[in-house]
Amino acid sequence: MERIKRRLDMLDNRLDSIDSMVTAVAERVMQQPIVLNINCPHCGKNIEIAIIGSEKPGT
């Protein structure tokens, strides 16, 4: 039983870490635009993906 509790605690800690990372990324996206530039592996064209939040910068 102690082993299961320890594993659940480890899983809980990992989920908390993932939640913190996702929250930090979401907050950053809301504050400033993020642009991803990707090359298509098939045709070689550049693809630009812009993610812009609705929050005003500096808030």
Side-chain angles (χ1 to χ4, degrees):
M1 196 64 158
E2 184 64 33
R3 185 176 177 187
I4 292 172
K5 184 182 181 315
R6 211 177 19 210
R7 287 188 174 214
L8 286 174
D9 287 341
M10 286 174 35
L11 177 62
D12 186 46
N13 288 337
R14 287 181 183 171
L15 290 174
D16 284 343
S17 296
I18 291 170
D19 180 53
S20 297
M21 287 187 283
V22 170
T23 301
V25 169
E27 287 174 355
R28 182 171 177 178
V29 168
M30 294 303 291
Q31 293 175 358
Q32 62 187 16
I34 294 177
V35 178
L36 303 172
N37 290 309
I38 303 169
N39 290 331
C40 176
H42 301 289
C43 66
K45 290 184 180 179
N46 288 332
I47 301 168
E48 184 175 292
I49 302 170
I51 304 172
I52 301 171
S54 61
E55 184 176 316
K56 292 182 181 177
T59 323

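Along the sequence shown, the residues carry numbers beginning at 1.
Cluster annotation: Val35 is not connected to Ile49 through the hydrophobic network of ILVMFWY side chains, with a link wherever side-chain heavy atoms come within less than 4.5 Å.
Distance check, rounded to the nearest 0.5 Å: CD of Glu48 to CG of Leu36 gives 9.0 Å. Atoms NZ and CE, on Lys5 and Met1 in that order, are 10.5 Å from each other to the nearest 0.5 Å. Taking CG of Asp9 as the start and CZ of Arg14 as the end, the distance is 12.0 Å to the nearest 0.5 Å.
The residue from Asp19, Asn13, Leu11 that alone fulfils the side-chain contact (heavy atoms from CB on, under 4.5 Å) condition with Leu15 is Leu11.
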